[in-house]
2 protein chains.
Amino acid sequence: MAEQTEVRRTPLSRERVLRAAVTLADEAGIDSLSMRNLAQDLGVVPMALYKHVANKDELVAGMIDVVVDEIDPPVADGGWKHAVRERILSARRVLQRHPWMSLAIESQQTATPGILAYLDSMVGTFRGGGFSVDLAHHVMHAMGSRILGFSQELFDAARKAGRSGASSPEPPAALPAQFADRFPNLAEIAVVASHDDASVVGRGCDDQFEFEFALDLLLEGIERLHQQGWTSSR
Amino acid sequence: MAEQTEVRRTPLSRERVLRAAVTLADEAGIDSLSMRNLAQDLGVVPMALYKHVANKDELVAGMIDVVVDEIDPPVADGGWKHAVRERILSARRVLQRHPWMSLAIESQQTATPGILAYLDSMVGTFRGGGFSVDLAHHVMHAMGSRILGFSQELFDAARKAGRSGASSPEPPAALPAQFADRFPNLAEIAVVASHDDASVVGRGCDDQFEFEFALDLLLEGIERLHQQGWTSSR
DNA sequence: GGCATCAGCGTACGCCGTACACCTTGGAGT
DNA sequence: ACTCCAAGGTGTACGGCGTACGCTGATGCC
């Protein structure tokens, strides 16, 4: 009986596990990323995975670092502001390809090495632009998760997609009748933003525009602090 | 046999369920908020809860609105900037009392009525300060979850507390030896921020200071846009 | 040829949310 | 006063989850 019915598929490895996990999360959302589903995709029994990752948290940590590596390196010229802006926009594009990432990162209680490297490099960009340690520090806090391309919206369609898998654009639901009565200011915004009364905060808003608007607001404020030699008086 | 061994405790109600749920989440973290644990706290069988809430998601939605009600109403005088600032700081204090709130809100895929009311009122404050619908709209997006007092930090000790229950302050862990080699810029910040080398981003950073720093950065940028009559050229 | 190592397997445990059928009770309608 | 029904609370059960633990069979080293 020569061989097993089939040559054993490339025999599993941390690398292969992480890649399969990323693919599964991309396609089905992070809610569908269970050890059982992942094992099935790999043609293996669930407990086999534990020979390559310590537990699910560590699996997710590995996935994060795989994806963080996709972010472009900082551009060398054009000044700190340009470098920071472009890198954050690159991070945002990566997050849009892997909408489960923000959930994954928020579920970790400690930073992964890949994220630390990214943050370290970002601090380096500020320092290289002449920022004091003090200002660079507070600026990093102020940008917070936006530095990784997070939208920071309160209710984010991309977040939902990350949970349950990329879905169709889904047309904006019409507002219920009493909405305009109870929330007149929101209704007014919705009307203006969409030219015909549509969803609260769904489409009708240009995500990319809002992201860059917020990012530039922050960066210009930071530039001003930098120029006037801001320092924390503590 | 006169009565049952005990007079039936105030016989459960949506109100009582929500309150018990908030208390449980406050004390044990939202990870410990299971229908089973909650039922036990109420001296009742798990399925009894479903006579008062549709499912767990709707339970959490109810909890959110209970807590959102704790946020102070907007102060009437002092201008829009002062009103917005004070209200956001109030929201932040509420979130600090209920550290599971940010997790809870992020887990909802649609805004609750209480949150919509809060947002509506916040838009009203901007509009009352002379903001155009257009600018108010984009400003709301730019503030994002910060408008509800979210810290928006990438790795937040409060988030952890919300998961597993309020814990002791936990002294900053010393950095591993090779940290300074791999992440020199972060290490530099850590050293300066804590006067003796301590944790990455843990204590040593004054959360309240960082929050207000970021908030003021944003508000001042917004004020500038407002003063120069910014409008989206779309 | 013997043996240790380790990748993968199988079973099992204790959690989770919740569907569904049942019982009990209190109040309304006659 | 009696009936009946709606609604609140119960019990059991199902399918999912992460993962502990012990086994098996192949591989590579002496």
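Keep in mind that this is a model prediction, so the values were computed, not measured. Quick note on labels: first sequence line is chain A, next is B, and so on, each numbered from 1. Worth knowing before you read on, the calculation uses all heavy atoms, side chains too, and leaves out hydrogens, waters and symmetry mates.
- Of the candidates C/dG17, D/dG8, C/dC9, the closest approach to any side-chain atom of B/Lys51 belongs to D/dG8.
- Contacts of B/Val44 with the nucleic acid, taken as non-hydrogen atoms under 4.0 Å apart, involve only primed sugar atoms and P, OP1 or OP2.
- Side-chain contact check for B/Ser151 and B/Asp156: at least one donor-acceptor pair (N or O, by modelled atom type) lies under 3.5 Å.
- One can place CG of A/Asp31 at 15 Å from C1' of D/dG18, the figure rounded to the nearest angstrom.
- If you measure from atom CG of A/Leu38 to atom P of D/dT19, you get 13 Å, rounded to the nearest angstrom.
- Distance, A/Leu12 CG to D/dA26 P: 18 Å, rounded to whole Å.
- Side-chain nitrogen and oxygen atoms of B/His52 include none within less than 4.0 Å of the OP1 or OP2 phosphate oxygen of D/dA7.
- In the set D/dT10, C/dG8, C/dT18, the nucleotide with an atom closest to the side chain of B/Val45 is D/dT10.
- For the pair A/Met47 CE and D/dG22 C1', the interatomic distance rounds to 11 Å; values are reported in whole Å.
- B/Ser145 and B/Gln152 are linked by a side-chain donor-acceptor pair at a separation below 3.5 angstrom, with hydrogens and angles left out of the test.
- The nucleotide whose nearest atom lies closest to any side-chain atom of A/Ser34 is, among D/dT10, D/dG18, C/dG17, D/dG18.
- In this structure, A/Leu49 places its CG atom 14 Å from C1' of D/dC17, rounding to the nearest Å.
- Residue A/Gln40 contributes atom CD, which lies 13 Å from atom P of D/dG18 at whole-angstrom precision.
- In this structure, B/Met35 places its CE atom 10 Å from P of C/dA19, rounding to the nearest Å.
- We find that CG of A/Asp57 is positioned 11 Å from P of D/dG18, with the value rounded to whole Å.
- No more than 12 heavy-atom neighbours from other residues, nucleotides or ligands sit within 6.0 angstrom of CD on B/Gln40.
- More than 12 heavy atoms of other residues, nucleotides or ligands shown are found within 6.0 angstrom of CZ on A/Arg163.
- Under the 30°/60° scheme for interplanar angles, the aromatic rings of A/His137 and A/His141 are found to be tilted.
- For B/Arg36 against C/dG17, a side-chain N or O and a base N or O form a donor-acceptor pair under 3.5 Å.
- A donor-acceptor contact closer than 3.5 angstrom links the side chains of B/Thr112 and B/Asp65.
- If you check residues 18-27 of chain B against DNA chain D, you find no residue with a heavy atom closer than 4.0 Å.
- Both the sub-6.0 Å distance and the 45° axial angle are not jointly satisfied by A/Arg159 relative to the ring of A/Phe150.
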